**Q** 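Sharing a structure with you now.
Computed from a predicted model, the values in this text were never measured in an experiment. Values below: all heavy atoms of this structure, side chains included; hydrogens, waters and symmetry mates excluded. All residue numbers in this chain count up from 1 along the given sequence.
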Amino acid sequence: MGDIHGRLDLLKPLVEAIAADLHASAATRKVVIFLGDYIDRGPDSRGVLQFLADLPVIQGVEWRFLKGNHEQAMLGFLDDPSTGPKWCEYGGDNALRSYGLRVPNLAHRTEAWARVAADLRHKLTAREMAFLEDLELSLTVGDYFFTHAGARPGVALDRQSAEDLMWIRQPFLNSRTGFERVVVHGHTPTPRVHADHRRIGMDTKAYHSGVLSAVRLERQDRRLLQTIGPRRTSEARYGSEEYLPTDDAGVVLHTERLESAHAEIEGVR
């Protein structure tokens, strides 16, 4: 599953659809991999963390959670509050808001950020903290290598740095060099899920577009599952509640076969 960014409204029905799909599947191994960036930008970071941390055990199903650069930023803020302004530049303020906190008035004062960090640590439950601290950097299953951002060309997948796995963008996206496995990643938003011989890009900018994407990989078959819900208005700031309704009522589920396509990459942090 691609980047969620606080869209609990899209996450819940997609997880329900995935669970139903797994129940009907005869596969011998069933793994659900979340590619990171659960928080920031969207309206309900807290709800997303609580939901994922409390996912029930389903017999025969592995839930695996990877670390995105936004989770790294939140954990970094808890350890070093002086990073608060930088974190909030790319959506951390919306995560704080979901916990009933806000950017301090004296945003240039480290001691003001230290109070916010202490308040956030107090509000995070033990399960949420354990969830954040246990996130994985990558996972290999069959012919696929899963990570948040991508991998550095020319470096073996098992020798990639944590920084690249969570943050890399252009060197990975612009290269034509292949890897030992197909890299499945999020981090860089595209209007549609991108797939080619090197990589599958799953970030469809859910916090803004209202489209959260997952892909089912089984042998040679690749099939998209998406939830489509309210999208953010052009006037709204990141994480505001000013969302436009879809043409259909509520959130709808969309499925289709995933074909190779060229990416239209958007520039974000």
**Q** So do Asn94 and Asp40 actually touch side chain to side chain, heavy atoms under 4.5 Å?
**A**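 Result no, sub-4.5 Å side-chain heavy-atom pair not found.
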**Q** Could you check Asp3 against Arg41 for side-chain contact (heavy atoms from CB on, under 4.5 Å), going step by step and ending with a plain yes or no?
**A** CA-CA 11 Å; Asp3 302 31; Arg41 291 190 170 137; over 6 Å; no
**Q** Do Leu217 and Val182 have side chains that get closer than 4.5 Å, going by heavy atoms?
**A**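 Not touching, per the 4.5 Å side-chain cut-off.
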**Q** State the CE-OG1 distance between Met202 and Thr190, to the nearest 0.5 angstrom.
**A**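 Interatomic distance, Met202 CE to Thr190 OG1, rounded to 0.5 Å: 9.0 Å.
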**Q** Any cation-pi pair here, Arg199 with Phe179, using under 6.0 Å and within 45°?
**A**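 Negative - Arg199 is either too far from the ring of Phe179 or too far off its axis.
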**Q** Should the pair Arg219-Asp221 be classified as a salt bridge under the 4.0 Å nitrogen-to-oxygen rule?
**A**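 No.
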**Q** With a 4.5 Å heavy-atom cut-off, do Leu135 and Leu75 have their side chains touching?
**A**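 Heavy-atom side-chain distance check fails, nothing below 4.5 Å.
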**Q** Are Leu8 and Trp63 connected in a single hydrophobic cluster, I mean Ile/Leu/Val/Met/Phe/Trp/Tyr linked by side-chain heavy atoms less than 4.5 Å apart?
**A**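 Yes: a chain of side-chain contacts under 4.5 Å links Trp63 to Leu8.
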**Q** Does the side chain of Asp37 reach to within under 4.5 Å of the side chain of Tyr207, using non-hydrogen atoms?
**A**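 Not touching, per the 4.5 Å side-chain cut-off.
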**Q** Check Arg46 against Ser98 and note the closest heavy-atom contact, atom names and distance.
**A**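 In terms of heavy atoms, the two residues are closest at N-OG, 3.2 Å.
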**Q** Looking at Asp21, Leu258, Val32, which hits side chain to side chain contact (heavy atoms under 4.5 Å, CB included) with Arg216?
**A**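 Exactly one option meets the side chain to side chain contact (heavy atoms under 4.5 Å, CB included) with Arg216, and it is Asp21.
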**Q** Can you find a heavy atom in the side chain of Val31 that is under 4.5 Å from one in the side chain of Glu62?
**A**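 Of all side-chain heavy-atom pairs linking Glu62 with Val31, at least one is under 4.5 Å.
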**Q** Between Val116 and Pro104, what is the shortest heavy-atom contact and its length?
**A**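 Taking every non-hydrogen atom into account, CG2-CD, 3.9 Å.
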**Q** What are the two closest heavy atoms between Leu10 and Thr227, and how far apart are they?
**A**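 The answer is O-OG1, 3.0 Å.
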**Q** Do Glu128 and Lys123 meet the salt-bridge criterion of a basic N to acidic O distance under 4.0 Å?
**A**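 Here Lys123 does not pair with Glu128 in a salt bridge, since their nearest N and O are not under 4.0 Å apart.
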**Q** Is atom CG of Asp143 surrounded by more than 12 heavy atoms (other residues, nucleotides or ligands) closer than 6.0 Å?
**A**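 12 or below, so no.
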**Q** Thr147 and Leu35: which non-hydrogen atoms are nearest, and at how many Å?
**A**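 So the two residues come closest at O-CD2, 3.7 Å.
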**Q** Just do the side-chain contact (heavy atoms from CB on, under 4.5 Å) check on Thr188 and Leu173 with the steps written out, would you?
**A** CA-CA 9 Å; Thr188 299; Leu173 300 172; 3.6 Å; yes
**Q** Can Ile58 be reached from Leu14 by stepping across I, L, V, M, F, W or Y side chains whose heavy atoms are under 4.5 Å apart?
**A**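 As far as the 4.5 Å side-chain criterion goes, Ile58 and Leu14 are connected within one cluster.
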**Q** In a check of ring-ring contact (aromatic ring centres under 6.0 Å, His included) between His70 and each of Tyr38, Tyr90, Trp87, Trp167, which one passes?
**A**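 Only one of Tyr38, Tyr90, Trp87, Trp167 forms a ring-ring contact (aromatic ring centres under 6.0 Å, His included) with His70, namely Tyr90.
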**Q** Taking atom NZ of Lys12 as the centre, does the number of heavy atoms from other residues, nucleotides or ligands within less than 6.0 Å exceed 12?
**A**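 Not buried by this count: 12 neighbours or fewer within 6.0 Å.
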**Q** What's the shortest heavy-atom distance between His148 and Met166, and which atoms?
**A**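 Heavy atoms of His148 and Met166 come nearest at CD2-O, 3.3 Å.
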**Q** Identify the heavy atoms of Glu218 and Ser25 that sit nearest to each other, and give their distance.
**A**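 So the minimum-distance heavy-atom pair works out to OE2-OG, 4.1 Å.
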**Q** For the CZ atom of Phe65 and the CG atom of Leu49, what is their distance to the nearest 0.5 Å?
**A**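 Reported to 0.5 Å precision, the distance equals 10.5 Å.
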**Q** Output the distance between atom CG (Asp44) and atom CZ (Arg97), rounded to the nearest 0.5 Å.
**A**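 Between Asp44 CG and Arg97 CZ, I get 12.0 Å after rounding to 0.5 Å.
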**Q** Please examine the side chains of Ser45 and His5, heavy atoms only from C-beta on, and report whether any two atoms are closer than 4.5 Å.
**A**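 No, side chains not in contact.
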**Q** Side chains of Phe131 and Leu55: does their closest heavy-atom pair fall under 4.5 Å?
**A**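 Answer no - side chains too far apart.
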